[in-house]
Amino acid sequence: MTEPVTKPSLVIPQLIVGLGNPEPKYDQTRHNIGFAAIDALSRSWHIPLGENRKFQGEYGEGIARGSHKIRLLKPLTYMNRSGQSIQAVTSWYKLPPESVLVIYDDMDLPLGKTRLRLSGSAGGHNGMKSAIAHLNTQNFPRLRIGIGKPNDSDNSESISHVLGKFSAAETQLISVLLQFVVECVEFSLKQGIEKAMNRCNSHTIKLSP
């Protein structure tokens, strides 16, 4: 008698985290694109965010469009301690790591490109290193948003690029891109991360000249 083939269960996010730094000087910087994504989701779903000391972050919960209950989080611990805030929420609500979708910036992806994955390494990103350390696994979904690389690969150039603000033209593109990110996340809530990967990874946002 053959064993019944069990279909792998859908990975549906319950907590969506955007990585960034809390001070006003980091607003609208490339490194804070994760915060911008959470703000876009908050606006789109009418889920207000407020500071939650227990969770060490800005937190909100509500119903995503046409979906189930969802939690949004912007850790206020600074980037390299993001995992503390994420762990505070997952421990309190007893959420499994695979239900946490983390959104953050990626210099290795060009501006306008997104990459959704079910798991993976930190790839040198300090916020993700902290998330992996505190969740004690790499097996949780992540959505990387491309911020492009500076022309000069010098380390100081990279730091000023990451912590720099988008140009006026780039800001226009980011506005369209964040709307696409909202669509990707909504799709992953309805169909699961794996199906959403096909959609989110094959698309590049470009501004018409």
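The salt bridge (charged side-chain N to carboxylate O under 4.0 Å, His left out) contacts involving residues 166-181 comprise Arg30-Glu170, where partners must be two or more places apart or lie in separate chains. A side-chain hydrogen bond (donor to acceptor under 3.5 Å, both in side chains) check over residues 39-53, counting only residues at least two apart or in different chains, returns the pairs Asp39-Lys74, Ser44-Arg65, Trp45-Glu186. Residue pairs satisfying the ring pair (Phe, Tyr, Trp, His ring centres under 6.0 Å) criterion with at least one member in residues 155-202, sequence neighbours excluded, are listed as follows: Phe180-His203. Among residues at least two apart or in separate chains, side-chain hydrogen bond (donor to acceptor under 3.5 Å, both in side chains) pairs with a member in residues 103-112 are His31-Asp105, Asp105-His125, Asp106-Arg144, Asp108-Lys149. Here ring pair (Phe, Tyr, Trp, His ring centres under 6.0 Å) pairs that include residues 57-81, with residues two or more places apart or in two chains, are Phe55-Tyr59.
We find the OG-CD1 distance between Ser99 and Ile16 to be 10.5 Å, quoted to the nearest 0.5 Å. In this structure, Lys113 NZ and Ile205 CD1 are separated by 9.5 Å, a value rounded to the nearest 0.5 Å. The line from OG1 of Thr29 to CD1 of Ile147 is 8.5 Å long, rounded to the nearest 0.5 Å.
Its side chain outside the 4.5 Å cluster rule for every partner, Ile63 clusters with none of the Ile, Leu, Val, Met, Phe, Trp and Tyr residues.
Residues satisfying the side-chain contact (heavy atoms from CB on, under 4.5 Å) criterion with Asn139, sequence neighbours excluded, are Ser119, Thr137. Phe140 is linked by a ring-ring contact (aromatic ring centres under 6.0 Å, His included) to nothing, counting only residues two or more places apart in sequence or in another chain. Partners of Thr171 by side-chain hydrogen bond (donor to acceptor under 3.5 Å, both in side chains), not counting sequence neighbours: none found. Applying the salt bridge (Lys or Arg N to Asp or Glu O under 4.0 Å) rule to Glu98 yields no partners; only residues at least two apart in sequence or on another chain are considered. Not counting sequence neighbours, Tyr26 has no partner by the ring-ring contact (aromatic ring centres under 6.0 Å, His included) test. Taking the salt bridge (Lys or Arg N to Asp or Glu O under 4.0 Å) definition, one finds that Lys69 meets it with Glu61, sequence neighbours left out.
Connection of Leu15 to Val185 is not established within any shared hydrophobic cluster, with ILVMFWY side chains joined at heavy-atom distances below 4.5 Å, either directly or through further cluster members. Cluster annotation: Val11 is not connected to Val89 through the hydrophobic network of ILVMFWY side chains, with a link wherever side-chain heavy atoms come within less than 4.5 Å. Neither Leu135 nor Ile38 shares a network with the other; the hydrophobic side chains, linked directly or stepwise wherever heavy atoms of I, L, V, M, F, W or Y lie under 4.5 Å apart, form separate groups for each. In the hydrophobic clustering of this structure, Ile103 groups with Met107; members are Ile, Leu, Val, Met, Phe, Trp, Tyr whose side-chain heavy atoms approach within less than 4.5 Å, directly or through other members. Following chains of ILVMFWY side-chain contacts shorter than 4.5 Å, one can reach Leu116 starting from Ile12, so the two form part of one hydrophobic cluster.
Residue-environment remark: CD (Gln191) exceeds the threshold of 12 foreign heavy atoms within 6.0 Å.
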